[in-house]
Amino acid sequence: MSVFLSSSGSFRSLYISPDSAMSASSLLFAVGANTVEDQRARWERKRSRTAKELLETEHKYLEQLDLVLTYFVTILKAKGTLKPAVLETIFGPLESLYSASHVLSFHLEKGNLGPGLENFCQSLDLYGHYADNLEQANKTLKEQLRKNKSFRRFKKLQEARPQFQGRELEDLLPLPLQRLHQYKHFFRDLLQNTSPDTAEYQKLAKAVKSVSEVSQWVQDIFDKRENSLQLLRVQKLLKGQKTQVLTPGRWYIREGWLLVVPSKGEELKRRMFFLFSDILIAAKPCHPLHLLNSNKLSCQAVYPLHQCSVDKVFGHTQSQGGLLSLSFPQKTLLLMSSNQQEIHDWYRSLTAAVRQLKA
């Protein structure tokens with residue numbers, strides 16, 4: 001029995017039989033069941049599409065690796081054009097990467113997605129080692145092309161084959177690292193479209209974790225390499241060797257021209273500043289007529305950040321420009337720019353560097 005309010009304002013009773021109540025309950029259960037089944041069906045469709053795309057791109061990846069192995073590694077080994085150590089340096093664990101992908105491809109063709117990825121993840125460290133070796137591989141390749149005439153001629157002939165479609169060896173060597181990035185997205189998409197209550201979900205979750213860890217390893221390798229190049233560039237920009245920029249553990253953050261506001265009534269001084277994880281360097285251009293250092297900078301001061309405090313004097317509002325105050329135990333440095341965004345970026349970078357150093 002249910003009670004409802006009629007349009008006239010009086011209360012009336014409405015009888016609902018037990019059978020009708022059970023029918024309504026059954027209908028709700030059926031709708032819920034259909035919703036779950038629909039979700040599972042959508043997952044399965046997306047999963048199938050992703051698995052198909054993974055297999056198709058894996059075949060293409062294997063074809064590209066096979067070009068390098070067939071027309072370079074195998075023939076070079078047989079001919080002895082390059083010494084074994086040189087060959088190993090240039091191509092690294094490429095044969096092992098090919099074998100691992102070949103096995104993965106076999107599992108994907110059979111529909112053994114979970115076991116295939118679980119097995120493949122045992123070989124993922126090869127991608128980290130490949131990335132670690134890539135810089136030396138490129139150096140050795142350039143060196144051999146410069147010194148080894150027979151190798152230079154051989155490389156040109158192989159790249160002229162129609163199978164290469166105008167690509168050079170240098171275009172193919174980075175492919176494994178590009179593929180690693182693709183694996184990360186494929187594995188994540190497969191996980192998102194797999195029911196969590198299946199055994200395969202756990203295997204996919206482990207695969208996503210493994211490929212993410214190796215991707216981070218590879219990214220760290222490239223970040224360190226890029227940082228080393230930046231430190232070396234700044235070191236070469238500075239006149240002489242008195243200021244040691246190349247220091248282990250130091251990270252380059254940013255650089256730019258800022259105006260130094262003197263403590264006394266002098267003119268503003270335009271200086272180039274280099275911010276690192278532990279120091280701030282101020283430099284000025286060398287004399288343009290100097291025979292050796294006309295394109296270099298002369299270091300004026302090195303400020304350690306571990307005892308620095310940073311304040312924004314003005315530049316909080318929409319006014320033009322801004323002023324920063326950097327306080328050190330023996331000195332206060334006032335830095336100004338007419339560009340407010342630039343001052344804001346410097347403030348953010350400096351405060352982050354100081355905070356990280358003190359932490």
Side-chain angles (χ1 to χ4, degrees), residues 21-66 69 92-132 134 172 174-223:
M22 288 178 66
S23 298
S25 175
S26 300
L27 181 61
L28 287 171
F29 178 79
V31 169
N34 286 338
T35 303
V36 172
E37 288 304 314
D38 288 345
Q39 179 61 55
R40 290 184 184 276
R42 282 196 296 272
W43 278 347
E44 188 54 41
R45 285 195 297 272
K46 289 180 180 178
R47 214 173 90 98
S48 297
R49 282 198 301 268
T50 304
K52 182 183 177 184
E53 189 179 353
L54 174 60
L55 178 58
E56 289 172 351
T57 53
E58 193 68 11
H59 283 157
K60 186 176 179 181
Y61 173 54
L62 281 166
E63 287 173 10
Q64 293 171 323
L65 290 187
D66 189 55
L69 295 175
L94 204 62
E95 289 175 300
S96 299
L97 290 174
Y98 179 85
S99 298
S101 282
H102 195 272
V103 173
L104 173 62
S105 178
F106 174 79
H107 280 291
L108 293 176
E109 288 166 1
K110 298 292 184 183
N112 301 329
L113 188 61
L117 293 183
E118 188 176 42
N119 178 74
F120 176 70
C121 285
Q122 296 173 17
S123 305
L124 273 175
D125 277 4
L126 290 169
Y127 283 86
H129 295 304
Y130 190 83
D132 211 13
L134 193 59
L172 298 171
L175 284 176
L177 302 183
Q178 295 169 14
R179 186 59 178 165
L180 178 67
H181 184 69
Q182 293 170 353
Y183 284 142
K184 187 177 175 181
H185 294 286
F186 276 126
F187 293 3
R188 193 173 289 165
D189 287 349
L190 287 168
L191 180 67
Q192 289 172 350
N193 293 292
T194 300
S195 179
D197 57 1
T198 62
E200 196 164 64
Y201 183 88
Q202 301 304 321
K203 292 177 180 178
L204 283 169
K206 287 180 181 177
V208 169
K209 183 174 182 289
S210 296
V211 78
S212 296
E213 287 173 351
V214 175
S215 294
Q216 187 58 56
W217 175 14
V218 170
Q219 187 59 53
D220 289 345
I221 289 169
F222 287 131
D223 287 347

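Remember, predicted model here, so these are calculated numbers, not experimental data. Sequential numbering from 1 along the given sequence is applied to the chain's residues.
- To the nearest 0.5 Å, the span separating CD on Gln202 from CG on Leu191 amounts to 9.0 Å.
- Residues Glu58 and His102 have side chains that never bring a donor and an acceptor to within less than 3.5 angstrom of each other.
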Show your working on side-chain contact (heavy atoms from CB on, under 4.5 Å) between Glu118 and Leu204 and close with a plain yes or no.
CA-CA 8 Å; Glu118 188 176 42; Leu204 283 169; over 6 Å; no
List the steps, then state whether side-chain contact (heavy atoms from CB on, under 4.5 Å) holds for Asp125 with Tyr130.
CA-CA 9 Å; Asp125 277 4; Tyr130 190 83; over 6 Å; no
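- Shown here for Ala131 and Leu177, the closest heavy-atom pair between the two residues is CB-CD2, 3.8 Å.
- Taking CZ of Phe222 as the reference point, atom CH2 of Trp217 lies at 12.0 Å (rounded to 0.5 Å).
- Between Lys209 and Glu213 there is a salt bridge, since at least one side-chain N of the basic residue sits less than 4.0 Å from a carboxylate O of the acidic one.
- Thr57 and Arg179 are linked by a side-chain donor-acceptor pair at a separation below 3.5 angstrom, with hydrogens and angles left out of the test.
- Residues Leu104 and Tyr183 have side chains in contact (heavy-atom distance under 4.5 Å, counting atoms from C-beta outward).
- Counting all heavy atoms, side chain and backbone alike, Leu117 lies closest to Ala207 at CB-CB, 4.2 Å.
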Quick one, Leu175 with Gln178, criterion side-chain contact (heavy atoms from CB on, under 4.5 Å). Give me CA distance, side-chain angles, the key distance, then yes/no.
CA-CA 5 Å; Leu175 284 176; Gln178 295 169 14; 3.5 Å; yes
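- For Asn193 (side chain) and Asp189 (main-chain N/O), a donor-acceptor pair under 3.5 Å exists by modelled atom type.
- Atom OH of Tyr61 is separated from atom CG of Leu97 by 5.0 Å, given to the nearest 0.5 angstrom.
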With side-chain contact (heavy atoms from CB on, under 4.5 Å) as the test, would you mind laying out the steps for Ser99 and Val103 before giving the verdict?
CA-CA 6 Å; Ser99 298; Val103 173; 5.7 Å; no
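- Closest non-hydrogen pair, Tyr127 versus Val218, comes out as O-CG2, 4.0 Å.
- Heavy atoms only, all atoms of each residue included: Leu94 and Pro176 are closest at CD1-CG, 3.9 Å.
- Around the CZ atom of Phe106, the shell of radius 6.0 Å holds no more than 12 heavy atoms that belong to other residues, nucleotides or ligands.
- Going from atom CD of Gln64 over to atom NE2 of His59 covers 13.5 Å, rounded to the nearest 0.5 Å.
- Judged by distance alone, the side chain of Ser101 and the main-chain N or O of Tyr98 form no donor-acceptor pair under 3.5 Å.
- Without hydrogens or angle criteria, Thr198 side chain to Thr194 main chain gives no donor-acceptor distance under 3.5 Å.
- Closest non-hydrogen pair, Ser105 versus Leu62, comes out as CB-CD1, 3.8 Å.
- In plain terms, the two heavy atoms of His181 and His185 that are nearest each other are O-CD2, 3.2 Å.
- With values rounded to the nearest 0.5 angstrom, Tyr201 atom OH is found 12.0 Å from Leu190 atom CG.
- In this structure, the separation between CD on Gln219 and CD on Gln216 is 6.5 Å, given to the nearest 0.5 Å.
- At distances below 3.5 Å, at least one donor-acceptor pair connects side-chain atoms of Glu200 with backbone N or O atoms of Gly114.
- Residues passing the side-chain contact (heavy atoms from CB on, under 4.5 Å) test with Ser215 are Leu180, Lys184, Val211, sequence neighbours excluded.
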